[in-house]
Amino acid sequence: MKQILIFVLFAALLCWLMFSPIYKHVLIVRQAVLQQEVDYLLEVGASGSYGYISGEMQEQSRQRLARFGMRPDEIEFELAAANGLAASDPSAPILRGTGISLTMSYPYENLFEIDRLIGLTPPLPNERMRAFGMKMSEYVP
Amino acid sequence: MYKLLLIVAMMTVWVSIHLLQVEEELAMQTLFQGKHAVNRAAHAAAQQLDQAALGEGLLRIAPDEAAATAALYLQENLKLDTNGAPLPESFLKQPVELAVFEIVNADQAFPYTYRNDVYDYEVTLQQPGVVMIVHIAYPRAFQILEPIEWEIKGAAELVAG
């Protein structure tokens, strides 16, 4: 009887302990994958042969991320160049010396729901995980 | 009653191991991000040509512009303000310190070997370039790990011609 009582007392905590590490791990991996994707797009986009991150490159990036189980439509790209141009137009590449900055974001989805078991409030639905970077364009026409 | 104690003890062990792992993974990510920021800053700084010298056919780095560019790229890639203190949205909590910023300019003989005994860093440059060492402290959320601090080193050469 006493043991059942103990188990009931600790049930929520036990559930949290068993499953929350997996959710936290998914969160860390998603953040890392997003950052890796930002680094890759900047590496390619700011290289000497492109000077832009086009819509097509963004679409390919979505497909790569979809392979990690992320929903492609939810990924958002914020692209800007230091001189105010869009940096996504293949016909108007960013010239050498100008920075291209990219921010990718993805919603947290329900990764923090399990924390309700121990009384923590999950982030708001509109909050997103972000990965960012800025690299100088190398493109010389 | 001893079972209750056992459960609490096991939970404590389990939670600390779990937190330790999360912290280590995050620290690794932070280190990579810092290294990328330093690389991008050093690279951008090394491309700042001295236009007056270029007019005479010399490839020189303009020191003031290089320093300003390095600072800008470091700030943008780590979300810092102009003093090196992290902005609210930054993952870092402690100010980032630019420990070394050195320009190896065109008046040296190349290949030039830059050596820094204080930070135990050595790099050989074939072209004029920039060497950067940045001190970053990892913001520990839990006190399980020892404090983690890095001296992130990077160098870049002028790419031209």
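Chain identifiers are assigned alphabetically (A, B, ...) following the order of the sequence lines, protein sequences preceding nucleic acid strands; residue numbering begins at 1 within each chain. Note that the structure is predicted; figures quoted are calculated from it, not measured.
- With contacts defined as side-chain heavy-atom distances shorter than 4.5 Å, the pair P107(A)/E127(A) does not qualify.
- Of the listed residues (M134(A), Q31(A), M136(A)), the greatest number of heavy-atom pairs within a distance under 4.5 Å of chain B belongs to M134(A).
- Within the 4.5 angstrom heavy-atom criterion, only backbone atoms of T98(A) (N, CA, C, O) approach chain B.
- Contact annotation for Q29(B): only side-chain heavy atoms (C-beta onward) come within less than 4.5 Å of a heavy atom of chain A.
- Interface residue I28(A): only side-chain heavy atoms are found under 4.5 Å from chain B.
- Every residue was checked against the side chain to side chain donor-acceptor pair (under 3.5 Å) condition with D81(B), not counting sequence neighbours, and none meets it.
- A cation-pi arrangement is not found for K79(B) relative to F91(B), the charged atom failing to lie both closer than 6.0 Å to the ring centre and inside a 45° cone about the ring normal.
- Under the rule for a side chain to side chain donor-acceptor pair (under 3.5 Å), the partners of S61(A) that lie at least two apart in sequence or sit in another chain are E37(A).
- Contact annotation for R96(A): only side-chain heavy atoms (C-beta onward) come within less than 4.5 Å of a heavy atom of chain B.
- Residues Y138(B) and E23(B) have side chains that bring a donor and an acceptor to within less than 3.5 angstrom of each other.
- Contacts between K135(A) and chain B at a heavy-atom distance below 4.5 Å involve backbone atoms as well as side-chain atoms.
- One finds no salt bridge joining E146(B) and R140(B) here, because no Lys/Arg side-chain nitrogen approaches an Asp/Glu carboxylate oxygen to under 4.0 Å.
- Within the 4.5 angstrom heavy-atom criterion, no atom of L27(A) approaches chain B.
- Through direct or relayed side-chain contacts under 4.5 Å between Ile, Leu, Val, Met, Phe, Trp and Tyr, L5(A) connects to no other residue.
- Within the 4.5 Å cutoff, the side chain of L87(B) has no heavy atoms near those of the Q75(B) side chain.
- At a 4.5 Å heavy-atom cutoff, the contact between I7(B) and chain A is made by side-chain atoms alone.
- D39(A) has no carboxylate O lying under 4.0 Å from a charged side-chain N of K35(B), or vice versa, which leaves the two without a salt bridge.
- E25(B) and Q21(B) are linked by a side-chain donor-acceptor pair at a separation below 3.5 angstrom, with hydrogens and angles left out of the test.
- Here the side chains of Q58(A) and I75(A) are not in contact, with every heavy-atom distance at 4.5 Å or above.
- When heavy atoms are compared at a cutoff of 4.5 Å, Q48(B) approaches chain A solely by way of its side chain, counted from C-beta outward.
- No part of L49(B) comes within reach of chain A, as not one of its non-hydrogen atoms sits under 4.5 angstrom from that chain.
- Below 4.5 Å, heavy atoms of chain A meet heavy atoms from R40(B), H43(B), A44(B), all part of residues 37-44 of chain B.
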